[in-house]
There are 2 protein chains.
Amino acid sequence: MEVTTSALPAPPQAPRHDSVDCRRVSQLLARVGDKWTVLIVRSLGGGPRRFNELKRLIGGISQRMLTLTLKNLERDGLVTRTVTPSIPPRVDYELTDLGHSLRKPVDALGEWALTNMARIDAARDRFDRTSEG
Amino acid sequence: MEVTTSALPAPPQAPRHDSVDCRRVSQLLARVGDKWTVLIVRSLGGGPRRFNELKRLIGGISQRMLTLTLKNLERDGLVTRTVTPSIPPRVDYELTDLGHSLRKPVDALGEWALTNMARIDAARDRFDRTSEG
DNA sequence: CAGCATCCGGGTGGATACTG
DNA sequence: CAGTATCCACCCGGATGCTG
């Protein structure tokens, strides 16, 4: 039985932030990448919006998902929900400071996506062509 | 029937990049935020790694998910797969230039997460306490 | 207008067993 | 060691109908 792989409980890796922090980052990305969060955050970037206004703005989201995602965003302190008890009722959603601060890194990722989308598409074409042919 | 909401087909928003681009950014985030991609990309940040090495490094990933995610990353041109036909076989995975370039915006998001994680947790506690009490 | 309740199909992802 | 194949549980998310 050789020691091809170390059986040490503590890996000889970078001393800090490699396991735990990665998890948290991953969890954040799971939230941010959940298909609607970013669309909502960006739609709210220009100022407060009402429920159906957001729905129209985003286009393609079900009201169920809009409700759920907004609730999650509110729970995380990224969005505020303001109810005006009129008839008909009016509810406004708005980014908090924390929500606005999220836009910067998200936009950075967006820049990356826009910049490299063509490269990715090309890579996919190449890969699919190679693996199927 | 009042005009509480504008029925205009073109919203008075930013002139460009609000619908289409958002979708692509969202799609990219869906890939990047798929629970394992970021962990893998970050694990590969220090250089090439072998299959089971990655598995141990990440810890908690099934080999099925590792295989699938690596294949997707390879398909997108973010990772290269190098086979050494020895016995036992050896396969190395390594970030491409494109893959490395992704680390910057992802790390930026990571910074944000680490910086604001406490705030988010606090907001959640507050929210949960309020809604349940 | 804003939002909840319910049903349900499809994809995600884990566990396990097997191959080269 | 580095996968593939299969089965299966879960939950994400859409459609619909109803409330205040």
Side-chain angles (χ1 to χ4, degrees), chain A residues 1-7 23 26-27 29-40 43-44 48-75 79-94 131, chain B residues 1-7 23 26-27 29-40 43-44 48-75 79-94 127 131-132:
Chain A
M1 189 184 196
E2 289 185 289
V3 199
T4 48
T5 63
S6 83
R23 287 310 215 293
S26 185
Q27 284 177 15
L29 284 174
R31 167 151 315 287
V32 150
D34 75 343
K35 186 179 184 182
W36 295 119
T37 295
V38 172
L39 282 324
I40 293 180
S43 295
L44 287 175
R49 300 283 181 185
R50 300 179 61 174
F51 187 84
N52 281 333
E53 193 181 2
L54 274 175
K55 193 167 185 305
R56 272 190 307 275
L57 222 52
I58 295 174
I61 189 174
S62 64
Q63 107 287 36
R64 173 188 152 83
M65 277 305 108
L66 184 53
T67 303
L68 286 180
T69 311
L70 282 171
K71 192 166 296 182
N72 278 329
L73 288 172
E74 189 195 356
R75 188 169 105 98
V79 160
T80 57
R81 179 175 181 273
T82 309
V83 183
T84 306
S86 57
I87 295 178
R90 176 195 181 96
V91 180
D92 287 282
Y93 292 92
E94 186 171 12
S131 59
Chain B
M1 188 187 195
E2 289 186 287
V3 200
T4 48
T5 64
S6 83
R23 287 310 214 291
S26 185
Q27 283 177 19
L29 284 174
R31 166 151 315 288
V32 149
D34 76 343
K35 186 179 185 181
W36 296 119
T37 295
V38 171
L39 282 322
I40 293 179
S43 295
L44 287 174
R49 301 282 180 187
R50 301 180 61 174
F51 188 84
N52 280 333
E53 193 180 3
L54 275 174
K55 193 166 184 308
R56 270 189 310 273
L57 224 51
I58 294 173
I61 188 173
S62 63
Q63 102 285 43
R64 172 189 151 83
M65 277 305 107
L66 184 54
T67 303
L68 287 178
T69 310
L70 281 171
K71 193 166 295 182
N72 279 329
L73 287 172
E74 189 194 355
R75 188 169 106 97
V79 160
T80 57
R81 180 176 180 273
T82 309
V83 183
T84 306
S86 56
I87 295 178
R90 176 195 181 95
V91 180
D92 286 282
Y93 293 91
E94 185 171 13
F127 187 90
S131 59
E132 86 180 20

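Residue numbers start from 1 in every chain, and the chains themselves are labelled A, B, ... in the order their sequence lines are given, proteins ahead of strands.
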Colleague: Is any side-chain heavy atom of K55(B) closer than 4.5 Å to one of N52(B)?
Modeller: yes
Colleague: Write down the distance between CG (L68(B)) and C1' (dG13(C)), rounded to a whole number of angstrom.
Modeller: 9 Å
Colleague: Over how many whole Å does the gap from I58(A) atom CD1 to dG13(D) atom C1' extend?
Modeller: 14 Å
Colleague: F51(A) has an atom CZ; how far is it from atom P of dG20(D), in whole Å?
Modeller: 18 Å
Colleague: Between dG14(D), dC1(D), dA5(D), spot the one nearest the side chain of Q63(B), thanks.
Modeller: dA5(D)
Colleague: Check this one for me: any side-chain N or O of Y93(A) less than 4.0 Å away from OP1 or OP2 of dC1(C)?
Modeller: no
Colleague: Does K35(A) make a side-chain N or O approach to OP1 or OP2 of dC11(D) shorter than 4.0 Å?
Modeller: no
Colleague: DNA chain C: V91(A) or I61(B), which has the more 5' nearest nucleotide?
Modeller: V91(A)
Colleague: Does dG3(D) have its OP1 or OP2 closer than 4.0 Å to a side-chain nitrogen or oxygen of R81(B)?
Modeller: yes
Colleague: Is there a side-chain polar atom (N or O) of R64(B) under 4.0 Å from OP1 or OP2 of dT4(D)?
Modeller: no
Colleague: With respect to the side chain of T67(A), which nucleotide from dG3(C), dA2(C), dT4(D) is positioned closest?
Modeller: dG3(C)
Colleague: Would you mind classifying the nucleic acid contact of K55(A) as base, sugar-phosphate or nothing, using non-hydrogen atoms under 4.0 angstrom?
Modeller: nothing
Colleague: Nearest 0.5 Å, what's the OG1-CG distance between T37(B) and L70(B)?
Modeller: 9.0 Å
Colleague: Measuring from L39(B):CG to L29(A):CG, what's the distance to the nearest 0.5 Å?
Modeller: 9.5 Å
Colleague: Find which nucleotide of DNA chain D each of E53(B) and W36(A) is nearest to by heavy atoms, and output the residue with the more 5' nucleotide.
Modeller: E53(B)
Colleague: Roughly how far, to the nearest 0.5 Å, is the CG atom of D34(A) from the CE atom of M65(A)?
Modeller: 9.0 Å
Colleague: Tell me the interatomic distance from L66(B), atom CG, to dA5(D), atom P, rounded to whole angstroms.
Modeller: 17 Å
Colleague: At what distance, to the nearest 0.5 angstrom, does CH2 of W36(B) lie from OG1 of T69(B)?
Modeller: 8.5 Å
Colleague: Once you round it to whole Å, what is the distance between P of dG13(C) and CG of L39(B)?
Modeller: 12 Å
Colleague: Might you point out which heavy atoms bring P89(A) and R50(A) nearest each other, and give the distance in Å?
Modeller: O-NH2, 3.7 Å
Colleague: If I take atom CD1 in residue I40(B) and atom P in nucleotide dG13(C), what distance separates them, rounded to the nearest angstrom?
Modeller: 11 Å
Colleague: Under the side-chain hydrogen bond (donor to acceptor under 3.5 Å, both in side chains) definition, can you give me all pairs with a residue in residues 80-93 of chain B, not counting sequence neighbours?
Modeller: R81(B)-Y93(B), R90(B)-D92(B)
Colleague: Kindly calculate the angle separating the two end axes of the helix from dC1(C)-dG20(D) to dG20(C)-dC1(D), each obtained from five base pairs, and round it to 10 degrees.
Modeller: 40°
Colleague: Once you round it to whole Å, what is the distance between C1' of dC4(C) and CE of M65(A)?
Modeller: 13 Å
Colleague: Let me know the distance between NZ of K71(B) and C1' of dT12(C), rounded to the nearest Å.
Modeller: 16 Å
